[in-house]
Structures are given as C-alpha cells and as structure tokens.
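To find a chain, count down the sequence lines: A is the first, B the second, and so on, and within it residues start at 1. In this text, all values refer to a predicted model and were calculated from it rather than measured experimentally.
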Number of protein chains: 2
Amino acid sequence: MKTDCQLCPYISDAALKLAACDLHQLSDNHIVVSFKKGDSIIKQGTYSTNVIFLRKGLVKIHITGPYSEQIVKLAKPPTYLGLPTTVGDKINQYSITALEDTEVCFIDMTTFKDLLKTNDEFAFEIIRSLCRYEIDSFCRCANRIQKQTRGNLAEVLLDMSATIFESDTFTIPLSQSEVGNLIDTSRESVSRMLSEFEKDGIIRMQGRQITITNKRSLELVSQNG
Amino acid sequence: MKTDCQLCPYISDAALKLAACDLHQLSDNHIVVSFKKGDSIIKQGTYSTNVIFLRKGLVKIHITGPYSEQIVKLAKPPTYLGLPTTVGDKINQYSITALEDTEVCFIDMTTFKDLLKTNDEFAFEIIRSLCRYEIDSFCRCANRIQKQTRGNLAEVLLDMSATIFESDTFTIPLSQSEVGNLIDTSRESVSRMLSEFEKDGIIRMQGRQITITNKRSLELVSQNG
DNA sequence: TATACATTGTGAGCTAAATCACAAGTGCAT
DNA sequence: ATGCACTTGTGATTTAGCTCACAATGTATA
C-alpha cells in the first residue's frame, strides 16, 4: 500500500522539514505494512535495504546476547527503526518484533539517503534523534546495571505507565519471562516481585492488567531498589 | 592554538569529505587544547557549546548513575565526543576525563552545524558513526548485563589489548576501582579475579602492566564467564 | 624525609537472586 | 469439548559476588 506522505497523520519530526517535492519522492518510494502482535518485523542477522518508520503500534528491539535474548528497549511511534543497519553493513544487528498490531513504512534506503543529502534540516533532525538515543541508551544501561532487580522492575512499570500508555492502568505487552529479558532477571523473580508489589499495595493486578495504586511508593522502590 | 585542518595528521573520516573551503572554515573556528592525565574535559551537568574532536590520547566517558559512577566506555582517537550535548539541550549528559595526556579540538557548535548543513557527505559520515555507536552500545550493554563478572573482566582486557593498545602487553589506564566501575563490580572482586587470572597463568602482572600470556584461555573465560 | 592519601591484597560472613522442581492456570487449535 | 503448549505461582537450595575489616603497599606534597 502506497500513501501520500503529505497527508499522513503519523509524519515524523524529521519529515516535517521536507519540502513538498521531497515528500512526493518519499511517497513514491515507501510502502506501508501491517504486522500482527508477535510478528517479526526485522530479524537479527538478515539483510535489509529499508529504513523503517514506526507509525502505529508498539515494538520491542531485542538482540541475542551471549547467553539469552535481551530486550534492549521498547519503541513507540513516531520513530525510525533500523537506521544503524541501513547506513551500516546492511546486516541487521538486532531484531524488532511487534508487541501490538503495528503499522510501519518501509522506506527504500537509497531514497532515504537521497533525502539526507538533499535536505540538511531533515539530516539534522535525524542526527538529533540519534544523539538522543545514545544518551538514553547510556542512562538505561547504567540504571539496569546498577539498580537492584526490584528497582528495575519498578522503573519499567513507571516508564510504561508514563511514556508508553500514559495511564496508571495498562496491560503489560510482555510475558513475565520477557519482562525478565528486559530487566535481566529470571521469570520467577519477576513473578515473586510483582506479587510483593501487590501485597504491599503498590499495584493491583488482574492477569496482565496492572494498576499503579501507589505511584509514590513505586518511585521510591525504583530509586532505592 | 589554532591549526590548519588541511595539514592535520589526525583528521576524521568525516572531515576528509570536506572541501578545501569548508576545511578552511573549520581551521578558523576551532582550537586545540591539551589535557593532562586525569584532567576533566567535560563535566556532566555543565553547559557546552563545542563539539570535541579527540585527536590524540585516551579518555573515559562516564556518567553518575543512580548509585555510583559508571564508566560507559573508553574512547580513542579519532572520534567526535559530545555530539549529543551539542545538538541536544547543551547540557552535558556525561563527563569525559583524560586517561592519558590527551589533545582535543574544540569546534564551535555553529560552525559544526554549518558544516553539517552545507556538506551532506560530512553529515552522512556523522550519521554513520552515530549509528555505529548505537549498535556498539546495545551490544556492550547486553554483554555487561548477561555475562558474569569474570567474563566481563576478561573481555575488557581483550578489548584493551586488541582495540586500544594493539599489543599483548599494556598498562591498564584505570585503577582497579575504575575497572570496577567499568564492568560494574567491586574493587575487591577485580583484585581477586586478576590474581586468579595470574595464578591460572592467563596473564602476568607487574603493577598496572599486564601481559596476556594465554589469549585462548582469556577468550574462553570471556565467553563462558 | 616525613606525612598523608590513594591504591591494592585477602579473609570472613552475608544476601539477593539464580536455579531446580512441581503445581496450577490460561488460552488456542483441532 | 479435549488436548497441548505456554504461562504463572511458590517453595527449597545454592551461589556469585558484595560488604566490612584491616594490612600492606605505593606515590604525591609539604
């Protein structure tokens, strides 16, 4: 499915900088694809010649670590995915999997490069976002490594609530074992800690639906382990 | 000290793409500064209006984590530092400290942005390097989190040997306590493990000078913890 | 040269969290 | 409906690595 980028309600900050003719070029050289929950969007080790723009849904970025699968981060729209692959060696260095029904634009790499070359505002926005990712990634890594497990779990819950779902009640889009991969702990520990949080009156659970009932406490746990 | 970038032996891959007139602009708008071992080059939380090009020496990039100082990575020339700060909110999100006597170029931010805008090859090289950093950072983080401490220490030694010093014998530019901050473990554990490695005949130590005597074993430890 | 301060080595005990083991619940495909 | 596979809950046991404690080195500076 081809669409006109000028009319797209999901357009990126970077693409906003593009002139009409550039947007026209983008319209002609991308394709919108839908993925169902659980579908693999890109797979580590495979070849890729597209930049991916995440326009709708939710995905996890994950890599095969030395021992187990590691979820690096969750990404929500609007954002570009797979830039490193595209400008690098064309081999995907990580996998991306849909956590909800998701829509992405596959943008032809040469088109994308052309846009970078002919439109410096666009390129600068891309650089800006890459820089933001780098800092995020430093901080996330320092947190993960230094905090104790319960602190990390609390942080993930807060982050989902604040950044992704923007509500105190939400349904975790991950199994407990995936949450384990995200904060690098075992599935059992996740289960135990969630029960603890519930017993302490910090959250309420119904299946995967979580309600944060005492945000203050959860923040304290996040800070103090 | 101002210098002519056209004659600089330390020029970056990105700057190689610049035309003579752009290089001239760069020459006029940067300044070379020397730092002694231990000097702070940029400090987290302070204001910055320069991009830094690391031309000579060795530095550590470190952030103040939730509990302790975390060394995010070591950086060696040639590389740009502090890009995220510059294109972001101007507040340094991390500190950079010299581990050896180091020379850097402070490049005025507006000049740098001008170069990005007027020279798409230059911008593309910058994007390329930012993408590489992102992947590096994903991998480093997954490794750090998943590997056991001895595996991380082995990896750091191998990495220093292969990437930074390009020799089996080198002097660690960090105290054991800093090594602890790098692989997130305690100073005591670093000491104990280094002794173990020596006892096992994998390395030889004289103060901070280390010789890798059995690379194969060290690689095994790095892989298997 | 003396004095202070940072760095290392090593023992002892403690603890968070992993692993193992099994039971119970959930959901989706035939 | 009936299985089968994936998920979750919880106990028991084990362990890597932290913390505390103190001694022995360096190594800057007055």
- Can you tell me the distance, in whole Å, between the NZ atom of A:K199 and the P atom of D:dG9? 14 Å
- Message: For A:I63 versus A:Q93, what's the shortest heavy-atom pair and its separation?
- Response: CG2-O, 3.8 Å
- Task: Could you tell me the separation between the CG atom of B:L153 and the P atom of D:dG17, rounded to a whole number of Å?
- Result: 11 Å
- Item | Residues A:R204 and A:E198 bridged, charged N to O under 4.0 Å | no
- Taking 4.0 angstrom as the limit, do A:E100 and A:K60 come out as a salt bridge? no
- Salt-bridge contact A:E196-A:K199 (side-chain N to carboxylate O under 4.0 Å): no
- Task: Kindly state which residues belonging to residues 174-192 of chain B come within less than 4.0 angstrom of DNA chain C, counting heavy atoms of the residue only, listed by number.
- Result: B:S175, B:Q176, B:R187, B:E188, B:S191, B:R192
- Task: Using only heavy-atom distances, determine whether the side chains of B:D168 and B:T211 contain a donor-acceptor pair under 3.5 Å.
- Result: no
- Considering just the side-chain nitrogens and oxygens of B:T149, establish if one lies under 4.0 Å of OP1 or OP2 belonging to D:dA16. no
- Checking all strands, does B:R150 fall into the base, sugar-phosphate, or nothing category for heavy-atom contacts under 4.0 angstrom? nothing
- OP1, OP2 of D:dT8 versus side-chain N and O of A:R208: anything below 4.0 Å? yes
- Item | Rounded distance in Å - CD1 (B:I145) to P (D:dA16) | 20 Å
- Query: Rounded to whole angstrom units, what separation is found between the OH atom of A:Y67 and the C1' atom of C:dT19?
  - Reply: 16 Å
- Message: Please verify the inter-ring angle class for B:F165 with B:F170; under 30° counts as parallel, over 60° as perpendicular, anything in between as tilted.
- Response: parallel
- Message: Angle between ring planes, B:F106 versus B:F35, binned at 30° and 60°: parallel, tilted or perpendicular?
- Response: tilted
- Message: Nearest whole Å is fine: how far is D:dT10 C1' from A:L194 CG?
- Response: 14 Å
- Rounded to whole angstrom units, what separation is found between the CZ atom of A:F197 and the C1' atom of D:dG9? 16 Å
- Query: Within this structure, what is the CG-to-P distance between A:N224 and C:dA16, rounded to whole angstrom?
  - Reply: 14 Å
- note: B:N152, atom CG; D:dA16, atom C1'; distance rounded to Å ~ 13 Å
